[in-house]
2 protein chains.
Amino acid sequence: MTDKKKLTLKDIGKALNLSVSTVSRALKAHPDIAQETIDLVKKYAEEHHYVPNLLAINFRKNRTFNIGLIVPELVHHFFSTVISGAISEANKQGYNILVSQSNDILKDEEKASRAMLNSSVDGLLISISNETTVGEHLKEFLDEGKAVVQFDKVTEQLPTPMVIVDDFDGAYNAVSHLIEQGYQRIAHIRGRIDVKNACDRYEGYIKALEDASLPILDHLIKPCIAITEEEGYQFTKEMMEGKNPPDAIFCITDVVAFGAMKYLKEKGIAIPEEVGLVGFSNWMVSRVMSPQLTTVNQHGFQMGVEAAKLLLDMIKNQDIAYQETKILKTELIVRASSQKK
Amino acid sequence: MTDKKKLTLKDIGKALNLSVSTVSRALKAHPDIAQETIDLVKKYAEEHHYVPNLLAINFRKNRTFNIGLIVPELVHHFFSTVISGAISEANKQGYNILVSQSNDILKDEEKASRAMLNSSVDGLLISISNETTVGEHLKEFLDEGKAVVQFDKVTEQLPTPMVIVDDFDGAYNAVSHLIEQGYQRIAHIRGRIDVKNACDRYEGYIKALEDASLPILDHLIKPCIAITEEEGYQFTKEMMEGKNPPDAIFCITDVVAFGAMKYLKEKGIAIPEEVGLVGFSNWMVSRVMSPQLTTVNQHGFQMGVEAAKLLLDMIKNQDIAYQETKILKTELIVRASSQKK
DNA sequence: CTGTTAGCGCGTTCAC
DNA sequence: GTGAACGCGCTAACAG
């Protein structure tokens, strides 16, 4: 590796017999500087491939042009889509993105956020872990005067703007669609009780049933803990083998629906004829299952873009107090698994 | 609420009537400093939540404790798995990871790498785009004396260490497995001719046929350009409708195999009885298809870990010249789509 | 043992 | 128009 000495303002000054400050000003075409000087300096800089030392600039201005992004899981279709959107927007505005994951473990999230807080980041985009409730480590960010935007999995305990999906509405539409298709005994394999998204979807489910004057049956509501295929399989088995089994299942997410589908197929129960199935999130898997899974698309890319925009706005206008909550509409994607008619 | 302004060494010095340098040394328990002083300073720093200004440190030491990571696509099961591994290892060693994507477009890759080069990164992990051949923008990294490690999609034009999968071996095993199952006319929907991975897999395919004394049939070898489901569908259609159709298809990747499967199912061609199918990469979709897809697992997480380790080794021992190439073995995952017997 | 001094590269006074 | 000087926070060489 060749150690190429980097050109500095001082070097240029020496070469051109100018002072450092003149060179500095010339490069940004300061009005005080003579046009000839400006041209001269710019030409020299160009020819010798002068690159300003970002480290020095950042140090002086106390900012890094980096923003942090923490998600529960990186290997996850929805989250990677969000990240993709955030990176796209950030890059457009001249920022880079530092990515970390919490694995849904509070300790890991704290470690990641502290690692970023130590001045390597101007602001933070975060989707909190299942274990995060208060978020002391995130308050540290705010205390330092750094911008934070929450997205998707959020907590109201933290006074920051957020970008979320209209989970209530998405669930409501999904369940209403099932009802419209003629299903009457609709089960819900839901998420954790302490997670906002899961609750919103649950509420949407309940509301849809109520609006259609369908009874709410407690034994058809099952709570996942880890949100896995296995849970989907297990709960479906329990319900189908119990009495008064459901004729449709609305699952908190596509993987869970896959577990449910697996059980139904094993038992030769026809989808959608005997049991209808709807997932949530529009993972790539939902298109690949057979029958293809009806699901709720969350526009992850757009969420990433919006979250990044919001954060960068805040960073650039420190004075403004943002408290905005952007709610993105979902889109029901109807496929074979729920089309009885 | 903590103090709004950050505590500096100078502040501590003033408060304790010590010089800045003494404080600095005390905090790192320099042997020259009296134990009492060390204790005193440390206690004060602790109580007042002193956090060293990383920006200043980095500026002075000319490094950032960040490493860059560029992949063709972020929303991609394999790559996100690699990233996950790289982040895990980097964090362990006190580094953060800056992520960007090229979308398989050379221009985007150049932009991303330049954005990172500008002193926001100590080294780079990259999986090059389909369009990258020479990699002038990557040479700039090397010229600046920054470490670069290539992984998965690499070019030999660039003298850097790499971490790759044994694509040849993986393909060889996959095709040998098909042969063992009794398939005789094995097609290959391959990747681009100018991409190394694709060629290695192709070679493995050829070698397996040769070793089994099976003929190589040109009309059963089809080259994808964009590596999509549509191409898989189209090529399979062409081959199945042409004369001397294949009785098995080895696909460059799982999505392509999904396209192939889609066509076969539409036409009522039985998998694996009439046509066997094998993919590559072990995406989550491969488990969800029905029949489940036989595929080649690439140990993405491990690849990320190895690549990060290599890069950090280089960063930490600037003097050592690394030219290592780590080749990770693959693992054939046999599922229903290829089990004729 | 501890303090003084001298930068790192840049931008921003304030003089001339 | 331009230059000199200072400081951002920290480290390291050199004194004492």
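All chains are named by letter (A, B, ...) in the order of the sequence lines, taking the proteins before the strands, and each is independently numbered beginning at 1.
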Novice: I need the minimum non-hydrogen distance between A/Val121 and A/Ile67, along with the two atoms involved.
Specialist: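 The answer is CG2-C, 3.7 Å.
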Novice: Students often mix this up, so state it plainly: with edges at 30° and 60°, are the rings of B/Phe59 and A/Phe59 parallel, tilted or perpendicular?
Specialist: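 B/Phe59 and A/Phe59: parallel rings.
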Novice: Quick one: do B/Asp122 and B/Lys61 make a salt bridge, cutoff under 4.0 Å?
Specialist: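 Salt bridge between B/Asp122 and B/Lys61, a charged N being under 4.0 Å from a carboxylate O: no.
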Novice: Under the rule for salt bridge (Lys or Arg N to Asp or Glu O under 4.0 Å), what residues qualify as partners of A/Asp108, not counting sequence neighbours?
Specialist: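 With sequence neighbours excluded, A/Asp108 shows a salt bridge (Lys or Arg N to Asp or Glu O under 4.0 Å) to no residue whatsoever.
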Novice: Considering residues at least two apart in sequence or located in another chain, which fulfil the salt bridge (Lys or Arg N to Asp or Glu O under 4.0 Å) criterion with B/Glu73?
Specialist: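 Counting only residues at least two positions away or on another chain, B/Glu73 forms no salt bridge (Lys or Arg N to Asp or Glu O under 4.0 Å).
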Novice: To the nearest Å, how far apart are A/Asp39 CG and D/dG1 P?
Specialist: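 Distance check: A/Asp39 CG to D/dG1 P gives 14 Å.
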Novice: Starting at atom CZ of A/Arg63, determine the distance to atom C1' of C/dG11, rounded to an integer number of angstrom.
Specialist: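 Whole-Å distance recorded here is 12 Å.
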Novice: Take atom CG of B/Leu55 and atom P of D/dC10, then tell me their distance rounded to the nearest Å.
Specialist: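 The answer, rounded to whole Å, is 11 Å.
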Novice: Please write out the pairs of protein N or O atoms and N or O atoms of nucleotides 6-9 of chain C separated by less than 3.5 Å, giving the distance to one decimal.
Specialist:
| unit_1 | atom_1 | unit_2 | atom_2 | d |
| --- | --- | --- | --- | --- |
| C/dG7 | N2 | B/Arg60 | NE | 2.5 |
| C/dG7 | N2 | B/Arg60 | NH2 | 3.4 |

Novice: How close or far is atom C1' of D/dG3 from atom CD1 of A/Ile12, stated in whole angstroms?
Specialist: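 So the CD1-C1' distance, A/Ile12 to D/dG3, works out to 17 Å.
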Novice: Just to verify, which of A/Glu89, A/His299, A/Lys92 counts as forming a side-chain contact (heavy atoms from CB on, under 4.5 Å) with A/Val305?
Specialist: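 Single pass found, and it is A/Glu89.
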Novice: Specify the separation, in whole Å, of atom CG of A/Asn58 and atom C1' of C/dG11.
Specialist: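 In whole Å, C/dG11 C1' lies 13 Å from A/Asn58 CG.
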Novice: Can you list, by residue number, the residues of residues 20-37 of chain A that have a non-hydrogen atom closer than 4.0 angstrom to DNA chain C?
Specialist: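 When residues 20-37 of chain A is checked for heavy atoms under 4.0 Å from DNA chain C, the hits, listed by number, are A/Ser21, A/Ser24, A/Arg25, A/Lys28.
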Novice: Just verifying a value: how many Å separate B/Ile128 CD1 and B/Leu138 CG, rounded to the nearest 0.5 Å?
Specialist: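 The distance works out to 8.0 Å.
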Novice: Which pairs of donor and acceptor atoms, one on a side chain in residues 28-39 of chain A, lie under 3.5 Å apart (sequence neighbours left out)?
Specialist:
| unit_1 | atom_1 | unit_2 | atom_2 | d |
| --- | --- | --- | --- | --- |
| A/Gln35 | NE2 | A/Asp39 | OD1 | 3.1 |

Novice: Can you measure A/Leu16 atom CG to D/dT2 atom P for me and round it to whole angstrom units?
Specialist: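 Value for this atom pair: 12 Å.
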Novice: Under 4.0 Å between a Lys/Arg side-chain N and an Asp/Glu carboxylate O for A/Glu109 and A/Lys111?
Specialist: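 Between A/Lys111 and A/Glu109 there is no salt bridge, as every charged N stays at least 4.0 Å from the carboxylate O atoms.
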Novice: Which of these, A/Thr81, A/Val165, A/Val82, sits in a side-chain contact (heavy atoms from CB on, under 4.5 Å) with A/Gln298?
Specialist: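 By the side-chain contact (heavy atoms from CB on, under 4.5 Å) criterion, A/Gln298 pairs with just one of A/Thr81, A/Val165, A/Val82: A/Val165.
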Novice: Regarding A/Asn17, tell me which of base, sugar-phosphate or nothing describes its non-hydrogen contacts under 4.0 Å with the strands shown.
Specialist: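 A/Asn17: backbone/sugar contact only, no base atoms under 4.0 Å.
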Novice: To the nearest 10°, give me the bend of the helix from C/dC1-D/dG16 to C/dC16-D/dG1, comparing the axes of its five terminal pairs at either end.
Specialist: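 That helix gives 50° between its end axes.
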Novice: Is A/Glu131 salt-bridged to A/Lys107, cutoff N-O under 4.0 Å?
Specialist: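 So A/Glu131 does not pair with A/Lys107 through a salt bridge.
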